[in-house]
Amino acid sequence: MHTIIEPFRIKMTEPLLISSRDQREQWLREAQFNSFLLSADRITIDLLTDSGTGAMSTKQWAALMMGDESYAGSQSWFNFQSTVKEITGFKHIFPVHQGRAAERILSQTRLKPGDIIPNNGHFDTTRANIEFVKAEAVDLVIPEAKDLSCDHPFKGNMDVESLKSLIEAKGPEKIPFVMMTITNNTFGGQPVSLENIKAVKEILTLYKIPLILDAARFAENAFLIHEREAGQSTKSLLEIAGEIFSLADGATMSAKKDGLSNTGGFFACNNNQWAEDFKNMLILTEGFPTYGGLAGRDLEAIAVGLKEALEMEYQVYRHATVEYMKNKLSEIGIPLILPAGGHAIYIDARNFLSQIPSSDFPGISLVNAMYLEGGIRGVEMGSVMFGKRDPETGAETPAPFELVRLTFPRRVYTQSHFDYVVEVLKRVWENRENLPIYKITKQPPFLRHFSAHFTPTTRRGSAST
Ligand SMILES: Cc1ncc(COP(=O)(O)O)c(C=O)c1O
């Protein structure tokens, strides 16, 4: 069959708001022109993130009812532990309330000021947690990733030569671990090949540096390895995932992605000392090691979700959605990162709005235009999220790219919802020369995209609301 259908049917519905442009203008103004600050019930199609926004299956809902809420040693913990062990093979497993808790505890227990952590692409919370303890987060993605239209099948790969040079230049003692993010969210949700993970591991073994995976989208990465890497198409996704994890010494995980859960995560590792230190900090700040800040029912839902994310039919459908959107938007002429990654479409806002320089945040103009046109929420991944601001002088260093990510919640929207998104984007594209720019009027010292305030400016220098 040519038509790839959603491999589920809908048992429960949730109303979507259909709003007017006047309403949206008022609501966006009230949200200080930052779509993170919009009330979610004022959004029609929410593509802000795939994090914790998925629909759970009947099996997950049933598992919730089996949640054992004992403080210590609950049955739900043992179910969770055995599933994570079966998939990853790691010796020590710790639940956490979400991925960044694992990043925080890992950073605070293993890093000291001046350490360097290379990654194929640090996610913003990973970078922030590393920098918070005064270590340095370095991105070493392959050069092809910086050519947005280059059709490399594994644009999330790490640049192995640069990694080698960095270790030799700084010394392995400065690098307590190396991370690989699968898929590479910061650089377009692009997958990492098994071959690349093996090559990185080989170098790290020489220098005795541990490899830690940021495994938030490990199942999507396994699927793209299955589809794109020579010799992998006969393996199951569980086998491919097992091979990926067998190359690492540990992993941080946000279960809000490929755990198909609305919350949760874990840290896993093989090293006993790392585990001991992690456990002690976990008890101090998250909870007892058999629940780590989660309810027993969350542990149950994640245990089921991790397995469902590795089902081939699910991944075929999920990737078909991404490809469908890529094809429809490309037909209109909208510039995108190619090939499509695992969980989102990334619009190249710098080319979409070529009249707006990075210093005027083209991604914010595009995100706000999509909301005003059709109530769609996307997210800027450009100079607001990844640019640097000198706290003394206020000088801005722009991000390498100005992207807008349309992220697809798992099992939530149907094809007609996506057709609507295409129609809205077509209108924004046709009106692209008339969009305002936005200036920041208030911002926190880090992770500013979450809470910054903006004001629209029709021409450079003059604010208007
Ligand atoms: C690659 C990656 N790592 C880590 C995280 C952080 O996870 P959480 O939001 O659960 O803290 C995210 C969240 O989007 C992510 O995409």
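As the structure lists them, so they are numbered: ligands from 1, and atoms in each ligand from 1. FYI, the numbering just counts along the sequence from 1.
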What is the nearest protein non-hydrogen atom to [atom], stated with its residue, atom name and distance?
atom: atom 8 (P) of ligand 1; result: Q98 NE2, 3.2 Å
atom: atom 10 (O) of ligand 1; result: S254 OG, 2.7 Å
atom: atom 14 (O) of ligand 1; result: K257 NZ, 2.8 Å
atom: atom 5 (C) of ligand 1; result: F123 CD2, 3.5 Å
atom: atom 3 (N) of ligand 1; result: D214 OD2, 2.6 Å

Heavy-atom donor-acceptor pair, [X] side chain to [Y] backbone, under 3.5 Å:
X: R377; Y: D46; value: no
X: Q60; Y: A301; value: yes
X: D214; Y: M179; value: no

Return yes or no for this condition: an N or O of T125 is under 3.5 Å from an N or O of ligand 1.
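No: no nitrogen or oxygen of T125 is under 3.5 Å from one in ligand 1.
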Backbone or side chain, does any N or O of R217 fall under 3.5 Å from an N or O of ligand 1?
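Indeed, backbone or side chain, R217 has an N or O that close.
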Kindly determine whether H92 and N272 satisfy side chain to side chain donor-acceptor pair (under 3.5 Å), including the steps that lead there.
CA-CA 8 Å; H92 304 286; N272 295 342; 2.8 Å; yes
Side chain or backbone of R100 under 4.0 Å from ligand 1, or both, or neither, by non-hydrogen atoms?
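Near ligand 1, R100 shows its backbone as well as its side chain.
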Taking 4.0 angstrom as the limit and counting only heavy atoms of [X], give me the atoms of ligand 1 inside it, by number and element.
X: T181; result: 1 (C)
X: K256; result: 10 (O)
X: E103; result: 3 (N), 4 (C), 5 (C), 6 (C)

Let's go through K307 and E86 carefully: what are the C-alpha distance in whole Å and the side-chain angles of both, what is the deciding distance for salt bridge (Lys or Arg N to Asp or Glu O under 4.0 Å) to 0.1 Å, and is it a yes or a no?
CA-CA 10 Å; K307 288 284 195 65; E86 182 193 340; 3.1 Å; yes
Output every pair passing salt bridge (Lys or Arg N to Asp or Glu O under 4.0 Å) with a member in residues 59-80, not counting sequence neighbours, ordered by first then second residue.
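Sorted result for residues 59-80: E69-R297.
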Taking the six-membered ring where the residue is Trp, are the ring centres of Y291 and Y71 under 6.0 Å apart?
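Between Y71 and Y291, which both carry aromatic rings, the centre distance is below 6.0 Å.
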Those residues that, when tested against K112, pass salt bridge (charged side-chain N to carboxylate O under 4.0 Å, His left out) (two or more places apart)
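Result, salt bridge (charged side-chain N to carboxylate O under 4.0 Å, His left out) vs K112: D115.
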